[in-house]
Amino acid sequence: MDTKFAVAIHSMIFISESEEAMTSETLAETLNTNPSYVRRILASLVKEGMISSASKTKGCTLLKAPEEIYLNEIYDAVKPGVSKLNMDLSQNLDTEIYLGKCEQPVIEGLFNEMENAVEKILAEKTLHDLISNVRQNMKESDQ
């Protein structure tokens, strides 16, 4: 997983739960990170029609209900075409060796299976699901 995905989810939760439109500056403060980094991520979400435009001074809002925003859509907005697990068989196996030649498809099959499992989870969960869990954790913390 990538930090862009985590920043995107955090930002969308804050945007959804805020009574006022959230600026990239405010979101960056909540993340202790650079506002320009947050703006780049928000721009990806704007491009996909999930939030209104955000800037240093202009706040953004959700353009869809949290129930309509699936986590795989958020991931694909900020990391288009990139593996959810960011795994590959990066070593240079010697495929002239019998074990090396036979090992590669097995490991790639495992990585594909793991990737499909993550994709399924993200496709089933919405931003609303996360917000509900955050609210539940807040209630439990107050007790």
Side-chain angles (χ1 to χ4, degrees), residues 1-95 99-143:
M1 286 287 171
D2 184 273
T3 58
K4 287 182 179 179
F5 181 53
V7 169
I9 288 175
H10 170 86
S11 298
M12 293 190 72
I13 290 172
F14 266 70
I15 291 166
S16 175
E17 294 299 288
S18 176
E19 293 179 13
E20 298 177 13
M22 295 290 286
T23 67
S24 58
E25 295 281 330
T26 304
L27 289 168
E29 286 175 18
T30 68
L31 290 159
N32 294 315
T33 193
N34 188 313
S36 65
Y37 178 68
V38 173
R39 276 191 292 280
R40 284 194 303 272
I41 293 169
L42 294 178
S44 298
L45 300 171
V46 168
K47 182 179 176 187
E48 293 302 316
M50 292 183 208
I51 63 171
S52 62
S53 183
S55 67
K56 291 179 185 179
T57 57
K58 181 182 175 193
C60 57
T61 57
L62 294 182
L63 295 177
K64 294 177 166 181
E67 299 85 6
E68 299 173 357
I69 302 172
Y70 287 87
L71 300 185
N72 64 328
E73 295 172 315
I74 297 170
Y75 187 94
D76 291 339
V78 296
K79 297 290 288 182
V82 175
S83 163
K84 307 289 186 285
L85 295 175
N86 200 19
M87 296 185 338
D88 63 22
L89 193 57
S90 59
Q91 54 190 337
N92 293 320
L93 289 176
D94 185 349
T95 55
L99 182 59
K101 181 170 42 175
C102 296
E103 174 187 352
Q104 186 170 358
V106 171
I107 293 174
E108 287 175 350
L110 172 65
F111 289 175
N112 286 335
E113 189 177 341
M114 292 168 66
E115 179 79 20
N116 290 338
V118 170
E119 179 67 33
K120 182 178 186 298
I121 291 167
L122 295 179
E124 292 173 352
K125 294 203 179 291
T126 66
L127 181 60
H128 179 265
D129 296 330
L130 294 183
I131 291 168
S132 295
N133 290 343
V134 168
R135 288 178 181 164
Q136 182 62 40
N137 283 343
M138 289 172 66
K139 284 181 187 175
E140 292 171 4
S141 293
D142 288 342
Q143 296 176 3

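Both backbone and side-chain heavy atoms feed into the values below; hydrogens, waters and symmetry mates do not. The first residue of the sequence shown is numbered 1, and numbering continues consecutively from there. Only a predicted model underlies this, so the values are computations on that prediction, with no experimental measurement involved.
The shortest side-chain heavy-atom distance between Ser132 and Gln136 does not fall under the 4.5 Å cut-off. Using a 4.5 Å heavy-atom cutoff, the side chains of Val7 and Leu31 are in contact. Here the side chains of Ser11 and Ile41 are not in contact, with every heavy-atom distance at 4.5 Å or above. For the pair Leu122/Phe5, a side-chain contact is recorded, criterion being any heavy-atom separation below 4.5 Å from C-beta on. Looking only at side-chain heavy atoms (C-beta outward), Ile69 and Thr126 stay at 4.5 Å or farther from each other.
Qualifying side chain to side chain contact (heavy atoms under 4.5 Å, CB included) partners for Ile13, counting only residues two or more places apart in sequence or in other chains: Ile9, Glu17, Leu127, Leu130, Ile131, Val134. Residues forming a side chain to side chain contact (heavy atoms under 4.5 Å, CB included) with Ala21 (at least two apart in sequence, or on another chain): Thr61.
Using modelled atom types, one side-chain atom of Thr30 and one backbone atom of Leu27 make a donor-acceptor pair closer than 3.5 Å. Asp142 places no side-chain N or O within donor-acceptor distance of the main-chain N or O of Lys139, the cut-off being under 3.5 Å. Here the side chain of Ser16 pairs no donor or acceptor atom with the backbone of Met12 at under 3.5 angstrom. When atom types are taken as modelled, the side chain of Ser141 and the backbone of Asn137 share a donor-acceptor pair closer than 3.5 angstrom.
No hydrogens or angles considered: nothing links the side chains of Ser24 and Tyr37 as a donor-acceptor pair under 3.5 Å.
Here Glu119 contributes atom CD and Asn112 contributes atom CG; the two are 12.5 Å apart, rounded to the nearest 0.5 Å. Between Ile15 atom CD1 and Cys60 atom SG the span is 3.5 Å, to the nearest 0.5 Å. With values rounded to the nearest 0.5 angstrom, Glu48 atom CD is found 8.5 Å from Leu45 atom CG. Between the CD atom in Glu73 and the CE atom in Met50 there is a gap of 5.5 Å [rounded to 0.5 Å]. From Asn72, atom CG reaches atom CD of Glu124 across 10.0 Å, with rounding to the nearest 0.5 Å. The OG atom of Ser36 lies 9.5 Å from the CD atom of Glu25; values are rounded to the nearest 0.5 Å.
Across Ser52 and Leu63, no two heavy atoms sit closer than the pair N-CG, 3.6 Å.
Listed by first then second residue, pairs satisfying salt bridge (charged side-chain N to carboxylate O under 4.0 Å, His left out) with a partner in residues 62-71 number zero, not counting sequence neighbours.
The environment of Glu140 atom CD is dense: over 12 non-hydrogen atoms of other residues, nucleotides or ligands sit within 6.0 angstrom.
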